[in-house]
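Input: a single structure, listed below in structure tokens.
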4 protein chains.
Amino acid sequence: MSPKPRPRADDDALVGRRRRQLTLAAIACFSARGYHSTTIRDVAERAEVSVGLVYQYVEDKEDLLFMALQEVLDAYRRRIPAALEGLSDPLERFHACVRSYCEVNDEASDATVLAYRETKSLRPDRREIIKRLELETNAMIDACIRDCIAAGVFTAVDIEMFTHQLVMFCHGWALKAWRLRERMTVADYVARGLRLMLEPVLAPPAPTASERPRRRSSAR
Amino acid sequence: MSPKPRPRADDDALVGRRRRQLTLAAIACFSARGYHSTTIRDVAERAEVSVGLVYQYVEDKEDLLFMALQEVLDAYRRRIPAALEGLSDPLERFHACVRSYCEVNDEASDATVLAYRETKSLRPDRREIIKRLELETNAMIDACIRDCIAAGVFTAVDIEMFTHQLVMFCHGWALKAWRLRERMTVADYVARGLRLMLEPVLAPPAPTASERPRRRSSAR
Amino acid sequence: MSPKPRPRADDDALVGRRRRQLTLAAIACFSARGYHSTTIRDVAERAEVSVGLVYQYVEDKEDLLFMALQEVLDAYRRRIPAALEGLSDPLERFHACVRSYCEVNDEASDATVLAYRETKSLRPDRREIIKRLELETNAMIDACIRDCIAAGVFTAVDIEMFTHQLVMFCHGWALKAWRLRERMTVADYVARGLRLMLEPVLAPPAPTASERPRRRSSAR
Amino acid sequence: MSPKPRPRADDDALVGRRRRQLTLAAIACFSARGYHSTTIRDVAERAEVSVGLVYQYVEDKEDLLFMALQEVLDAYRRRIPAALEGLSDPLERFHACVRSYCEVNDEASDATVLAYRETKSLRPDRREIIKRLELETNAMIDACIRDCIAAGVFTAVDIEMFTHQLVMFCHGWALKAWRLRERMTVADYVARGLRLMLEPVLAPPAPTASERPRRRSSAR
DNA sequence: CATGAATGAGGATTCATTCAT
DNA sequence: CATGAATGAATCCTCATTCAT
């Protein structure tokens, strides 16, 4: 009845195990060499299985990419809530949210880059699913912001924009890792980034009195 | 004697014209279908020349990618200074800088995405060149910020971080075009983004009660 | 880790069988049409396999040529000793040696010509190997000559030169087959050639008496 | 009327000059890199003309090969008679003939090898012409031999075979140049070779006992 | 006459995918 | 279930040949 009686492999736990095994191998390969430059054989070897085996658990190569991207995006969704666990202060939660997002991007920066590089290589329908997953991650940041505003910690900022800014900031660590890694640690990155985004950039009108000395945003 | 005096074409002007023609065709094709999925024939057809012709002006396919990326990055470097032309007020120049960078990314968002997607497909030495070009663009933003600080318009912010933040913001328009385009225009994007980045996010120490002052934005 | 563990085939016997199959097909094709004019598809078709299969057992086209030439040269090394088997009389062995060398060149004259035509098409290192194989064949002739000299059947001839002469003679049958085949059989060729090389060419000083009539070496 | 009004180039002396120029360039290129590996561009560059020019004096690439081979073979036919000029003693003429043939093969060993390698690359009809040219060269040796026999200097040898043997010997210098050049000079080669071919190889019937006379060199 | 830019057919090679064992 | 040998479509690139200037 199933339209594609993929040769073998029934619903056992085996299917899940194999697919996971292949997904991880795929992420590793795709991250390192890129999707197109990676051959099925590469993935099979990394997963320590035969080529034929791959096709018993995977539709085709694109399927492997889909699984890889899903896994990557999903990792975000699992990590962030975990980091917020137990925290109740809105600002603390906000910080934790950003920090953990950056940390995930630090640990798997190749994977984040992969998502940027290869999402377009997916069929439209699958691409949509991946995008939806990203939005779900965004929603978590969004929520933290709303909480801060509600608590009066944040002014009534442009939430949509702020979320976007934060996402770009977090991804930025992975996307510009080639440049940033040699200049700071993720911790620094988060600290300096948040300070910049939260503290005023514009100098006070400074019409009357004139004090501007106070404040050291200490670059570096 | 030189084994490959490839550019089998002496005429100077022609070489320039052809390479440009091919570069544009390459940008179009690569942006649309991605580098690997684009065939030389695709590019040739788009440029309305024969396959063979391509190889008279281009070393190989990767060369075409290199030319495309150079062209894209170069467009930024040309556009921004042009936008600053005639402006002297530091803040105005800053705004113009960000605005024009976003506009370029708007007009050629595919190209920006292309740069993100395919820089890794280049040979290391060429990849370096591309990265250098990006840094040069960053330097223009960097300069605008410094001017604002010097003029007392900006507080003594973390310049490096702020530049990074702005770059991510500008690229963000292209990278998230799929989501943003349907929600706002570039002009809105710039306006809302700048407001967010320049105006204070943190609420004032709370007029009424007072305790939650001294916020430590320290992450970690 | 090894970038190209090409011979994508583990099974030992199969690898051997396939390589032999391809080698024979290659010899046939290259002999008939020449190396450059033969396409991989030609070889694949002759071997009744697919193009892709070829590359599972062969590095590249040149590899196929190398295998072909090795096989050809090796056939000499196998055939000559076999022909000497059981013979002990030096002169008889000498005859047998030349005869069998010519016979191999007769049966596979295309292959011999192939060796002459295409050895230069090999990479230097492989070319060396082929040359070494030829020298090994020469050594067998060399040995026969030495035995004849030691046995007093031959005068103390210039061994090096004689070997060379004999090799050229044997190859000559293949190289000039287009002309010789229609005028004689290999057997004739060997008989007439050896007579010429062994019997005196120069007429006796003929000072005293004068007889020169006797003898008809019967050309034709 | 002419079936192929080759674009331009009328019968002037120019045609002759150009064709010669191209022929020499072709010989140089083909000898060095082989026929198939040489591009028309290579030949054009060596001849210091444009690619287009080539096609005004030459039908196609094969035509170039034909011209080259003709020229090579023709050089033999010109050199040998020149070497015999003024000599009247049959044996001296014979020696001069062989010597000059070897010398030509020494000076242009690449060209000789070329003839062996690429004659098969010609269309059948042209191949015939080349073969005829070779036979004409052979005829000159043949004549020398006949003269020697007639003069009683040679025994009534197998002329056809002897000619063949001599031809192979002379070509042998070029064909085995890779091995011989490092061991002797052409002069040595000729001297040692002729001694071997002219002086008896078989030992005299053995002074003491007598039985091994009547050796039958009959092969087979 | 000469040039060299343009063409496009052809060939080597790769790799996703299948299927017999 | 797992394997890996076999397939062949697809793609990059070369180069003989043409033709407008």
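Values reported hereafter were calculated over all heavy atoms of this structure, with side chains retained and with hydrogens, waters and symmetry mates removed.
The shortest distance between side-chain heavy atoms of D:Val43 and D:Ile40 does not fall below 4.5 Å. C:Glu45 has its side chain out of reach of C:Cys29: every pair of non-hydrogen atoms, C-beta onward, lies at least 4.5 Å apart. Here the side chains of D:Ile27 and D:Thr23 are in contact, with some heavy-atom distance below 4.5 Å.
Remark: D:Arg18 is in phosphate contact with E:dA2, judged by side-chain N or O atoms under 4.0 Å from OP1 or OP2. Proximity of B:Tyr57 to the phosphate of E:dA6: a side-chain N or O atom is located under 4.0 Å from OP1 or OP2. A close approach under 4.0 Å does occur between a side-chain nitrogen or oxygen of D:Tyr55 and OP1 or OP2 of F:dT17.
Toward the 5′ end of DNA chain F lies the nearest nucleotide of C:Leu53, the other residue of the pair B:Asp60 and C:Leu53 mapping further downstream. Nearest-nucleotide assignment on DNA chain F puts the 5′-proximal partner with C:Val54, out of C:Val54 and D:Ser37.
Across all strands shown, F:dC1 forms no Watson-Crick or G-U wobble pair with both key distances under 3.5 Å. Nucleotide E:dA12 is matched to F:dT11 when pairs are restricted to Watson-Crick or G-U wobble geometry with both distances under 3.5 angstrom.
The CD-C1' distance, from B:Glu62 to F:dT11, rounds to 17 Å in whole Å. Atom CD of C:Glu48 and atom C1' of F:dT7 are 15 Å apart (whole Å). One interatomic measurement links the two molecules: CG of D:Asp42 to C1' of F:dA16, which rounds to 12 Å at whole-angstrom precision. Atom CD of D:Glu45 is separated from atom C1' of E:dA2 by 16 Å (rounded to the nearest Å). Regarding C:His36, its NE2 atom lies at a distance of 15 Å from the P atom of F:dT14, rounded to whole Å. Atom-to-atom, CG of B:Leu64 to P of F:dT11 comes out at 16 Å; the value is rounded to the nearest Å. What separates CZ of A:Arg41 from C1' of E:dT17 is a distance of 11 Å, to the nearest Å. Rounded to whole Å, the distance from NZ on B:Lys61 to P on F:dT14 is 15 Å.
Distance from the side chain of B:Val49 is smallest to E:dT7 among E:dA2, E:dT7, F:dA2. Out of F:dT17, F:dT7, F:dG4, the shortest distance to the side chain of A:Val51 is found at F:dG4. Checking E:dT7, F:dA5, F:dA2 against every side-chain atom of C:Gln56, the shortest atom distance belongs to F:dA5. Taking only side-chain atoms of D:Thr39, from C-beta outward, the nucleotide of F:dT3, F:dA16, E:dA2 with the closest atom is F:dA16.
Residue-level contact check: B:Ile40 touches the backbone only, with heavy atoms under 4.0 Å from sugar-phosphate atoms and none from bases. Among the heavy atoms of the strands lying under 4.0 Å from B:Thr38 are primed sugar atoms or P, OP1, OP2 only; no base atom is included.
When the shell of 6.0 Å around CZ of C:Arg33 is examined, it contains more than 12 heavy atoms from other residues, nucleotides or ligands.
Considering only residues two or more places apart in sequence or on other chains, D:Arg127 meets the salt bridge (Lys or Arg N to Asp or Glu O under 4.0 Å) condition with none of them.
Only the C1' atoms considered, F:dT21 is 13 Å distant from E:dC1, to the nearest whole Å.
Relative orientation of the A:Tyr35 and A:Phe30 rings is perpendicular, given thresholds of 30° and 60° on the angle between their planes.
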